[in-house]
Amino acid sequence: MLVVAALGGNALLKRGEPLTAEVQRKNVQAAAVSLAAIVRAGHDLVVTHGNGPQVGLLALQGAAYKPDEAYPLDVLGAETEGMIGYMIEQELENALGHDRPVATLLTQVVVDPKDPAFENPTKFVGPVYEREEAERRAEGAGWSIAPDGNKWRRVVASPKPLEIPDMRVLKLLLDQGVVVVCAGGGGIPVLRRKDGSMVGIEAVIDKDAASALLASQLGADALLLLTDVDAVYRDFGTDRSRPLSELTVGEARALDMPAGSMGPKLQAACGFAEAGGISGIGRLQDSLAILEGSAGTRVSAG
């Protein structure tokens with residue numbers, strides 16, 4: 001099977017961990033072991049990943065520049081694709097004993113400049129703060145902020161992905177047996193001008209939505225949405241919570257899930273399941289078991 005595995009930001013950088021290269025490297029090593037099991041089981045693999053903490057970190061570093069000299073979010077997204085992709089590529093090659101080639105592709109994704117998301121920022125980026133500090137930073141930098149659990153974070157526009165213009169290159173790599181790391185952070189957000197040329201725009205595309213689009217356009221057999229939670233839970237965070245091993249698309253869409261966390265994963269899983277693919281949500285370390293249906297939550301057309 002051709003499997004698209006989407007690594008959530010929390011799977012690569014756990015909540016509260018420092019945003020250091022050493023910490024990220026350690027988490028990527030663990031991720032690579034789990035992903036390598038999919039390849040060793042005989043499947044072809046495409047890996048996507050989140051970048052919320054990392055793109056927020058680069059934006060903070062950019063605050064050292066004058067306001068008109070700071071790099072825009074599309075450029076920061078490209079930087080994170082290279083940074084995280086490099087680590088995943090290297091550690092996955094190591095985990096596979098260099099038996100399969102692995103390549104990272106900077107991936108542009110076309111969005112609509114009139115997407116309503118630009119008027120309603122929802123995508124979390126950067127580290128978490130106490131509310132007072134978040135409000136102080138927001139006032140100084142012109143951020144939008146929102147609660148993330150019991151903390152606060154910066155939020156930015158997250159427009160819907162419409163097109164992946166690099167699809168031809170992706171297919172060429174897959175045809176040659178390459179394990180591909182791509183569409184990091186949802187891809188680099190770009191606009192297509194009337195003359196066909198492209199230009200970047202300030203946004204961060206939802207990684208799960210981009211991964212579902214990617215999986216559909218590649219004709220993948222399975223989409224795995226991997227995070228730090230072992231399954232989708234009903235009444236998560238309460239004493240009534242319970243894991244859900246199987247959901248139909250209708251049942252999944254009826255669940256009330258947070259827009260900044262499990263909500264986008266369920267939406268992406270539903271879209272891909274409706275197209276006839278296998279959609280699974282669960283822990284990164286359980287990736288092969290989720291694919292085989294013995295762990296996580298499986299979303300089906302019903």
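Keep in mind the model is a prediction, meaning the values are calculated, not measured.
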Show me, pair by pair, the donor-acceptor contacts under 3.5 angstrom made by side chains of residues 137-144, not counting sequence neighbours?
unit_1 : atom_1 : unit_2 : atom_2 : d
R137   : NE     : E133   : OE2    : 3.1
R137   : NH2    : E133   : OE2    : 3.2

### Task
Following the transitive rule for hydrophobic clusters with a side-chain heavy-atom cut-off under 4.5 Å over Ile, Leu, Val, Met, Phe, Trp and Tyr, establish whether L162 and I205 coincide in one cluster.
no
query = Salt-bridged, D208 to K265, with N to O below 4.0 Å?
reply = yes
By side-chain contact (heavy atoms from CB on, under 4.5 Å), P101 pairs with (sequence neighbours left out) V178
Query raised in the report: Hey, are D44 and R100 close enough for a salt bridge, meaning a charged N less than 4.0 Å from a carboxylate O?
Result: yes
Answer yes when R242 and D235 have at least one side-chain N-carboxylate O distance shorter than 4.0 Å, and no when they do not.
no
* Asked: When you measure from the side chain of R193 to the backbone N and O of S197, does any donor-acceptor pair fall under 3.5 Å?
  -> no
Query raised in the report: Does the distance from a Lys or Arg side-chain N to an Asp or Glu carboxylate O, for E135 and R131, drop under 4.0 Å?
Result: yes
*Under 3.5 Å side-chain donor-acceptor pair for S211 and T48*: yes
For residues 164-173, which side-chain N or O atoms pair as donor and acceptor with protein atoms under 3.5 Å away, sequence neighbours left out?
unit_1 : atom_1 : unit_2 : atom_2 : d
D166   : OD2    : Q108   : N      : 2.7

- Using a strict cut-off of less than 4.0 Å between a Lys/Arg side-chain nitrogen and an Asp/Glu carboxylate oxygen, indicate whether R298 and E292 qualify as a salt bridge. no
Side chains of S34 and S287 only: does a donor on one sit below 3.5 Å from an acceptor on the other?
yes
Result for salt bridge (Lys or Arg N to Asp or Glu O under 4.0 Å) between E130 and one of R153, K151, R136 points to K151
